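Scroll down for the structure; my scribbles are underneath it.
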2 protein chains.
Amino acid sequence: MREQTTGPHLLRTSTAELVAGVLRDRIAQAVYEPGERLSEEAIGAELEISRNTLREAFRLLGHERLLVHKLNRGVFVRVLSASDVKDLYLVRRVIECAAVRNSAGGDMAACREAVEDGERAAADDRWRDVGTANLRFHQALVALHGSSRLDELMGQLLAELRLVFHVMENPGAFHAPFVARNRLLTGLLEEGRLAEAEQYLSKYLDDAEALLQAAFDSSSSARLGGA
Amino acid sequence: MREQTTGPHLLRTSTAELVAGVLRDRIAQAVYEPGERLSEEAIGAELEISRNTLREAFRLLGHERLLVHKLNRGVFVRVLSASDVKDLYLVRRVIECAAVRNSAGGDMAACREAVEDGERAAADDRWRDVGTANLRFHQALVALHGSSRLDELMGQLLAELRLVFHVMENPGAFHAPFVARNRLLTGLLEEGRLAEAEQYLSKYLDDAEALLQAAFDSSSSARLGGA
DNA sequence: CTTGTCGAATTGTTCAACGATTCTTATGTT
DNA sequence: AACATAAGAATCGTTGAACAATTCGACAAG
């Protein structure tokens with residue numbers, strides 16, 4: 001990251017935000033696993049940036065709840081608890097159901113596109129892509145609100161959720177059953193059957209949460225040495 | 001802020017967060033007005049902290065949307081637009097109405113307390129206190145969800161809203177008419193008339209938004225030199 | 001086995017410096 | 001006088017080094 005000093009800046013954003021982007025990706029890809037400590041010196045040396053700049057990036061991600069900052073001990077990749085999953089899905093129900101309920105006249109193009117991407121990915125057994133398409137579908141659902149703040153909030157929630165998925169042994173398979181439900185939900189919305197759609201989505205989220213909680217519990221009991 | 005180096009740290013939080021707290025207060029109190037640029041050197045010298053630490057605090061507040069960071073130009077106190085007000089109230093409607101709708105069995109103590117504080121403040125013409133009590137009432141409403149994430153989100157929304165209030169010539173008077181509505185809404189909730197309560201709150205928020213938009217428009221037209 | 005102490009490693013914070021960008025102001029041309 | 005341009009000042013972005021403060025692990029003493 002030294003090249004920038006020689007030529008004219010092609011960067012439209014600060015180095016700290018660039019670095020934050022790199023780290024965000026690595027966390028999403030589980031290069032850094034939940035609970036892992038991120039060394040200022042090691043990462044700073046690897047990315048060739050100063051500690052100060054790296055710390056700015058850490059602050060950024062801390063505020064996005066991807067990292068937790070422990071005083072004098074450093075930053076760690078966030079580890080989510082069962083109660084976090086509960087909270088996350090409570091918020092999703094509030095926001096996504098409201099989006100569906102008020103979606104009359106909204107543009108469903110992005111939703112439909114995400115659904116079809118998910119179906120293609122599932123047909124090819126590209127599980128990772130199924131997952132991202134699924135997340136994009138829900139992001140598109142929230143976008144029906146037309147609110148930049150809700151869009152940002154949803155993006156943050158989904159980033160946290162990705163952290164939970166890593167706990168599961170087969171994150172890809174988790175999303176597969178929901179592809180069909182995405183299509184069905186989209187159909188209900190396009191036909192304007194909003195009340196049905198809302199109820200359907202509510203159950204959808206209940207099921208997803210239950211699955212996640214189950215995987216979560218078994219993983220945590222295994223970690224504690226269940227015989 | 002140098003004293004901390006001598007004695008053992010009594011601080012449980014980092015200086016950057018302490019500084020962020022100070023700046024947050026000053027913005028809320030309009031010591032720093034919307035649009036104003038905050039000089040790293042000036043504030044750093046006044047608070048006796050280094051530029052690096054101050055920059056960490058700026059990042060924090062930037063993420064809370066109280067400051068906007070312009071590359072190579074510095075940080076400015078956020079200036080909200082009419083569309084921001086619209087977005088803010090859209091989110092409030094989604095979250096607060098959902099809180100009311102699902103509030104069956106929730107603990108209304110905090111709500112009632114905020115209502116009564118507001119009434120006392122209004123009786124004594126302590127307009128500023130009326131405003132803070134009003135904000136606390138809505139925060140308590142959202143707290144019925146029992147979600148830490150929604151609590152945090154609401155706190156952020158209200159902080160942004162405070163920025164809008166500063167645009168009005170008499171911020172205190174704005175809140176006065178809503179004290180009675182807070183009491184009425186609380187009553188509906190305690191009687192379990194949730195559907196009515198939700199509808200009432202929805203109109204409540206519509207009215208507040210309209211008032212704010214009006215004050216906003218007149219202020220911006222005045223700023224452009226309306227005769 | 002618990003407790004206390006020492007030292008290494010890491011974070012928290014500051015400082016000084018320099019490149020890069022923006023803003024200001026003076027200058028010169030038409 | 002108006003406008004474009006260029007030098008200069010101010011400020012931000014980033015770095016690297018330095019030192020204080022805290023944590024952690026090892027080892028000795030009780």
Side-chain angles (χ1 to χ4, degrees), chain A residues 1-24 27 32-33 35-63 66-79, chain B residues 1-24 27 32-33 35-63 66-79:
Chain A
M1 297 235 171
R2 180 67 63 72
E3 307 80 53
Q4 64 182 49
T5 59
T6 53
H9 269 188
L10 296 164
L11 306 168
R12 305 237 60 58
T13 173
S14 74
T15 325
E17 304 206 39
L18 279 186
V19 172
V22 172
L23 298 180
R24 209 190 330 263
I27 294 170
Y32 302 137
E33 292 177 17
E36 184 176 344
R37 174 172 148 271
L38 269 41
S39 158
E40 292 186 354
E41 190 179 346
I43 299 181
E46 183 210 343
L47 268 46
E48 297 187 65
I49 53 173
S50 76
R51 275 181 62 212
N52 285 318
T53 304
L54 182 55
R55 284 168 63 83
E56 285 204 1
F58 281 165
R59 290 276 176 195
L60 249 19
L61 297 174
H63 228 263
L66 296 182
L67 298 179
V68 274
H69 204 122
K70 301 185 182 178
L71 193 60
N72 285 318
R73 297 199 39 218
V75 295
F76 300 78
V77 179
R78 178 87 180 284
V79 178
Chain B
M1 296 229 175
R2 180 69 63 73
E3 306 80 53
Q4 65 182 47
T5 60
T6 53
H9 269 188
L10 296 165
L11 305 169
R12 306 233 63 56
T13 174
S14 74
T15 22
E17 306 208 38
L18 278 187
V19 172
V22 171
L23 298 181
R24 211 192 324 267
I27 294 170
Y32 303 136
E33 293 176 16
E36 184 175 345
R37 173 171 149 271
L38 302 185
S39 158
E40 290 187 353
E41 189 180 347
I43 298 181
E46 183 210 344
L47 267 46
E48 297 186 66
I49 53 174
S50 76
R51 277 180 59 209
N52 286 320
T53 305
L54 183 55
R55 284 167 62 84
E56 287 202 1
F58 280 166
R59 293 273 176 195
L60 249 19
L61 297 173
H63 231 262
L66 296 182
L67 298 179
V68 275
H69 203 121
K70 302 186 182 180
L71 193 60
N72 286 317
R73 296 199 41 216
V75 294
F76 300 78
V77 179
R78 177 87 181 284
V79 178

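In what follows, every heavy atom counts, from backbone to side chain, and hydrogens, waters and symmetry copies are set aside. Owing to the predicted nature of the structure, the values given are computational and were not obtained by experimental measurement. First the proteins, then the strands, lettered A, B, ... as listed; each starts at 1.
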Nucleotide N/O to protein N/O under 3.5 Å, stretch nucleotides 7-11 of chain C:
| from | atom 1 | to | atom 2 | distance (Å) |
| --- | --- | --- | --- | --- |
| C:dT10 | O3' | A:Arg37 | NH2 | 2.6 |
| C:dT11 | OP1 | A:Arg37 | NH2 | 2.9 |

Here the gap from B:Ile43 atom CD1 to B:Ile49 atom CD1, rounded to the nearest 0.5 Å, amounts to 8.5 Å
Test side-chain contact (heavy atoms from CB on, under 4.5 Å) applied to A:Arg24 - qualifying residues, sequence neighbours left out: A:Ala20, A:Leu61, A:Glu64, A:Leu66
By salt bridge (Lys or Arg N to Asp or Glu O under 4.0 Å), A:Glu41 pairs with (sequence neighbours left out) none
Using whole Å, what does the distance between atom P of nucleotide D:dG13 and atom CD of B:Glu56 come to? 14 Å
From CG of B:Leu54 over to C1' of D:dG13, roughly how many Å is that when rounded to an integer? 14 Å
Rounding to a whole Å, what distance do you find between A:Asn52:CG and D:dG16:C1'? 9 Å
Sequence neighbours excluded, the answer for salt bridge (Lys or Arg N to Asp or Glu O under 4.0 Å) partners of B:Glu17 is A:Arg59
Euclidean distance, atom CG of residue B:Leu67 to atom P of D:dC12 [Å, nearest integer]: 13 Å
Can you tell me if B:Thr53 touches the phosphate of C:dG12, counting only side-chain N or O atoms and a distance under 4.0 Å to OP1 or OP2? no
Expressed in angstrom and rounded to an integer, what is the separation of B:Ile43 atom CD1 from D:dT11 atom C1'? 14 Å
Output the rounded distance in Å from CD1 (B:Ile49) to P (C:dC15). 11 Å
Sequence neighbours left out, what passes salt bridge (Lys or Arg N to Asp or Glu O under 4.0 Å) with A:Arg78? Give chain and number order. A:Asp84, A:Glu160
Return the value, rounded to whole Å, for the distance between atom CZ of B:Phe76 and atom P of C:dT22. 12 Å
Rounded to the nearest angstrom, tell me the gap between atom CG in A:Leu18 and atom P in D:dG13. 13 Å
Sequence neighbours left out, what passes ring pair (Phe, Tyr, Trp, His ring centres under 6.0 Å) with B:His63? Give chain and number order. A:His63
